[in-house]
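No hydrogens, no waters, no symmetry mates; every other heavy atom, side chains included, goes into these values.
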Amino acid sequence: QVQLVESGGGSVQAGGSLTLSCAASGDSIRGACMGWFRQVSGKEREEVATVAGGGTITYTESARGRFTISRVDDKNTLLLQMNNLNAEDTAVYYCAADMTRVWSIECSRRPGDFGVWGQGTQVTVTS
């Protein structure tokens with residue numbers, strides 16, 4: 001069973017950058033659909049970015065051009081580089097794995113299709 005642990009969150013001024021890291025243990029995430037999601041209190045969890053084992057990457061519209069998702073297979077790790085952050089990016093960020101889609105061309109973009117979740121890391125962007 002895969003376990004996921006996020007790190008790298010914190011407080012940053014608008015326009016700044018953060019890199020989130022998701023360390024997987026218990027099993028390899030190589031080839032699995034992986035994603036970053038975020039949630040603001042009182043709102044539904046939403047997709048930020050996904051990366052399929054087959055290589056397809058998706059971004060939510062607000063993240064495209066500012067965020068970069070990548071996987072470091074030899075370290076069993078998923079990254080999210082976030083640049084030019086703004087107040088609307090403030091949320092708890094979650095790493096997730098869909099172990100039912102391995103080496104798929106693309107991932108589902110629905111949180112409910114991801115079966116393994118980390119505990120989340122808070123990102124706060126101040127003006």
Side-chain angles (χ1 to χ4, degrees):
Q1 180 73 12
V2 172
Q3 293 90 43
L4 304 173
V5 178
E6 303 96 335
S7 61
S11 183
V12 62
Q13 287 192 328
S17 299
L18 281 175
T19 299
L20 303 183
S21 182
C22 173
S25 62
D27 201 355
S28 173
I29 58 171
R30 183 179 176 86
C33 272
M34 299 297 298
W36 286 99
F37 296 81
R38 64 188 179 189
Q39 188 168 23
V40 176
S41 180
K43 294 188 176 181
E44 292 189 353
R45 194 167 296 187
E46 65 173 6
E47 176 216 19
V48 176
T50 69
V51 56
T56 300
I57 291 175
T58 66
Y59 294 100
T60 192
E61 184 62 33
S62 65
R64 192 172 295 119
R66 299 187 300 126
F67 293 6
T68 302
I69 187 171
S70 62
R71 51 201 310 160
V72 186
D73 286 336
D74 62 346
K75 294 187 177 181
N76 218 25
T77 296
L78 182 74
L79 302 176
L80 183 69
Q81 172 68 43
M82 304 186 294
N83 297 323
N84 194 21
L85 287 159
N86 58 58
E88 287 69 41
D89 296 316
T90 295
V92 178
Y93 284 70
Y94 296 91
C95 170
D98 179 358
M99 303 302 291
T100 68
R101 288 183 171 88
V102 179
W103 299 117
S104 296
I105 297 298
E106 60 183 3
C107 299
S108 167
R109 303 178 71 174
R110 296 188 297 266
D113 288 336
F114 286 74
V116 184
W117 292 85
Q119 82 289 351
T121 186
Q122 175 71 46
V123 171
T124 302
V125 184
T126 60
S127 57

Asker: Indicate yes or no: at least one non-hydrogen side-chain atom of Val123 is less than 4.5 angstrom from one of Arg38.
Answerer: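 Answer no - side chains too far apart.
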Asker: Compare every heavy atom of Ala52 with every heavy atom of Ile105, then report the nearest pair and how far apart it is.
Answerer: O-CB, 3.5 Å
Asker: Could you give all pairs that pass the ring-ring contact (aromatic ring centres under 6.0 Å, His included) test and reach residues 107-127, with sequence neighbours left out?
Answerer: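 Pairs touching residues 107-127 that pass the test: Phe37-Phe114, Phe37-Trp117.
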Asker: Is the shortest side-chain heavy-atom distance between Leu79 and Gln81 below 4.5 Å?
Answerer: no
Asker: What pairs with Tyr94 under ring-ring contact (aromatic ring centres under 6.0 Å, His included), at least two apart in sequence or on another chain?
Answerer: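 ring-ring contact (aromatic ring centres under 6.0 Å, His included) list for Tyr94, sorted by chain: empty.
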Asker: How far apart are the closest heavy atoms of Gln3 and Gln1, and which atoms are they?
Answerer: NE2-O, 2.7 Å
Asker: So do Arg30 and Val102 actually touch side chain to side chain, heavy atoms under 4.5 Å?
Answerer: no
Asker: Is the shortest heavy-atom distance from the side chain of Asp89 to the side chain of Met82 under 4.5 Å?
Answerer: no
Asker: Below 4.5 Å, heavy atoms only, C-beta onward: do Cys33 and Thr50 meet side chain to side chain?
Answerer: no
Asker: Which heavy-atom pair separates Gln122 from Ala91 by the least distance, and what is that distance?
Answerer: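 Smallest heavy-atom distance, with atoms named: NE2-O, 3.4 Å.
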Asker: Does any part of the side chain of Glu88, heavy atoms only, come nearer than 4.5 Å to the side chain of Val125, both counted from C-beta?
Answerer: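 Sidechains of Glu88 and Val125: no contact.
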Asker: When you compare the side chain of Cys107 with that of Thr58, does any pair of heavy atoms fall below 4.5 Å?
Answerer: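 No, every pair of side-chain atoms sits at 4.5 Å or beyond.
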Asker: Are Val116 and Val92 connected into the same hydrophobic cluster when the rule is that any two of I, L, V, M, F, W, Y join if their side-chain heavy atoms are below 4.5 Å apart?
Answerer: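 Different clusters.
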Asker: Any side-chain heavy-atom pair from Ile69 and Leu78 closer than 4.5 angstrom?
Answerer: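 When only atoms from C-beta onward are counted, Leu78 and Ile69 do touch, with a gap below 4.5 Å.
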Asker: For Val51 and Ile57, which heavy atoms make the closest approach, and how far apart are they?
Answerer: CG2-CG1, 3.7 Å
Asker: Please name the pair of heavy atoms, one in Thr60 and one in Arg109, separated by the smallest distance, quoted to 0.1 Å.
Answerer: N-NH2, 4.1 Å
Asker: I'd like to know if the side chain of Glu6 reaches the main chain of Gln119, judged simply by a donor and an acceptor atom lying under 3.5 Å from each other, with no hydrogens or angles considered.
Answerer: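 Answer holds: yes.
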